[in-house]
Protein chains: 2
Amino acid sequence: MISQRLEQQMAFIIEVDKIKQIYRRNYVIGTDRHETDAEHSWHLAIMAVLLSEHVTGYPVDILKIIKMVLIHDIVEIDAGDTYCFDAQAGMDKEARERTAADRLFGLLPLDQAQEMRALWEEFEQRVSPEARLADALDRLQPLVLHYKTEGKSWRLNNIVSAQVRERNKRTKEIAAELGQLVEQIIQDSIARGYLRESK
Amino acid sequence: MISQRLEQQMAFIIEVDKIKQIYRRNYVIGTDRHETDAEHSWHLAIMAVLLSEHVTGYPVDILKIIKMVLIHDIVEIDAGDTYCFDAQAGMDKEARERTAADRLFGLLPLDQAQEMRALWEEFEQRVSPEARLADALDRLQPLVLHYKTEGKSWRLNNIVSAQVRERNKRTKEIAAELGQLVEQIIQDSIARGYLRESK
């Protein structure tokens, strides 16, 4: 018989398989299929490995950033994906996600539940350099996918450039060059007709 | 303008989006949809975070294990998914995957290309404790999904218990309790009729 500890770990690992059934607004490059939260989280983790060096002015703990991005969307298993440009749905998002975090992280052994919950809270608060980079990547990754799918999701949802700039405005504060990349993608998206410029 | 270094990093990050279009033999729990390589890699990374403590007798570098599982299937973008029970396709797998590794990791700046390539080689060789755990998780994760989808993929592909035991036989050497978990899942799968017992 396996220990209760491993049983709890496996209960969590099996439960979070459901994140593969949560579809986001953006598309996988070269397809008409929406990306799943699991795929998005994998992509963020790869970006964290490769791009954490761009954080300016602070030493960062890469392992912490990776853990954060791996678990940051798990709450959507219960709370659903809230579209980032939907102000209405955003209003009770925090309460829904906190209840989800209680249930989901609560499946784990206490020490791991506490660690994962604290990482999720830190990500949500965006206070530490690690959380600020994780948050910037969580905005940069869909920006790149929107750009590489010719702005399909932006056009379907009537998104304009001011909204995209607003959403990515803090990136330059944590990683100056990633901020330049964001602006370059926005400008090129406007020039190519993928994103409508707001006057 | 962004640096050549960031351009190379982004070229890799965009190219590996294709891993979301590589479908594996196993199903996502509760669905009739095959899992993608990106989803599988995300799940392995979560398992690495939570289960690395079960490695017996060696200190392990969790960050290294996570990086390994995040990138271990990237070569399948060029080489395709080789079904683990397909001996024929397995014969030229190594050559196809090495060529893929040259091209894909070669997109990165040299230092990161070398680091990722070395991690992939280490995973493939299975010599270090980190690589042996990553490999054990890469076998345990589909085992759990097969079990939780009532052995659908095993039945469709005429897989018997001896093949599953053979495929997971090394798990107990790197993590004794995970080895017990493997045996428990196999026995219960046979008892429930998900997996045919080989005499």
* Asked: Minimum heavy-atom separation for B/I13 to A/H43, with atom names?
  -> O-NE2, 2.8 Å
* Please flag which part of A/I14 lies under 4.5 Å from any non-hydrogen atom of chain B: side chain, backbone, both or neither. => both
* Sort B/L50 into side chain, backbone, both or neither according to what part of it lies under 4.5 angstrom from a heavy atom of chain A. => both
* **Toward chain B, the part of A/E39 with a non-hydrogen atom under 4.5 Å** => both
* To do: Identify which part of B/E35 has an atom lying under 4.5 Å from any heavy atom of chain A, answering side chain, backbone, both or neither.
  => side chain
* A/Q180, part contacting chain B, at a heavy-atom distance under 4.5 Å -> both
* Should B/Y23 and B/W154 be regarded as members of a common hydrophobic cluster, given that ILVMFWY residues are connected when their side-chain heavy atoms come within less than 4.5 Å of each other, either directly or indirectly? -> no
* Structure fact -> Bottom line for A/V28: the part with an atom under 4.5 Å from chain B's heavy atoms is both
* To do: Heavy-atom distances under 4.5 Å only: say whether A/E115 touches chain B with side chain, backbone, both or neither.
  => neither
* Heavy atoms, side chains only, cut-off 4.5 Å: are A/Q184 and B/M1 in contact? -> yes
* **Any A/W42 side-chain heavy atom under 4.5 Å of B/D37 side chain** => no
* Out of B/L63, B/I2, B/I62, which one racks up the most heavy-atom pairs below 4.5 Å with chain A? -> B/I2
* Over all atoms of both residues, closest heavy-atom pair of A/L178 and B/L6 -> CD2-CD1, 3.9 Å
* For chain B, the option from A/E7, A/M10, A/K18 that forms the most heavy-atom pairs under 4.5 Å -> A/M10
* Asked: Under a 4.5 Å heavy-atom cut-off, does chain A meet the side chain of B/K20, its backbone, both or neither?
  -> both
* Structure fact -> So CG of B/L70 and CD1 of A/I66: to nearest 0.5 Å the spacing works out to 6.5 Å
* To do: Please answer: with hydrophobic residues joined when any side-chain heavy atoms are less than 4.5 Å apart, are A/V160 and A/V164 in the same cluster?
  => no
* Flag the pair A/R5 and B/E53 as a salt bridge only when some basic side-chain nitrogen lies within less than 4.0 angstrom of an acidic carboxylate oxygen. => yes
* Give the cluster check for B/L137 versus B/L143: same hydrophobic cluster or not, with ILVMFWY residues linked at side-chain heavy-atom distances below 4.5 Å. => yes
* To do: Check whether B/L119 and B/Y58 end up in the same hydrophobic cluster, where Ile, Leu, Val, Met, Phe, Trp and Tyr are linked by side-chain heavy atoms less than 4.5 Å apart.
  => yes
* Asked: Would you say B/K148 has more than 12 foreign heavy atoms packed within less than 6.0 Å of its NZ?
  -> no
* Segment of B/E177 engaging chain A (4.5 angstrom heavy-atom cut-off) -> both
* Structure fact -> Value for CG (B/L181) from CD (A/Q9), rounded to nearest 0.5 Å, stands at 10.0 Å
* For atom CD of B/E94, is the number of surrounding heavy atoms from other residues, nucleotides or ligands below 6.0 Å larger than 12? -> no
* **4.5 Å side-chain heavy-atom contact, B/V144 and A/D17** => no
* Compute whether any side-chain donor of one residue and acceptor of the other, for A/Q21 and B/T31, lie under 3.5 angstrom apart. => no
* **Shared hydrophobic cluster for A/Y27 and A/L145 (ILVMFWY, side-chain gaps under 4.5 Å)** => no
* **Side chains of A/R33 and B/T36 in contact at under 4.5 Å (non-hydrogen atoms)** => yes
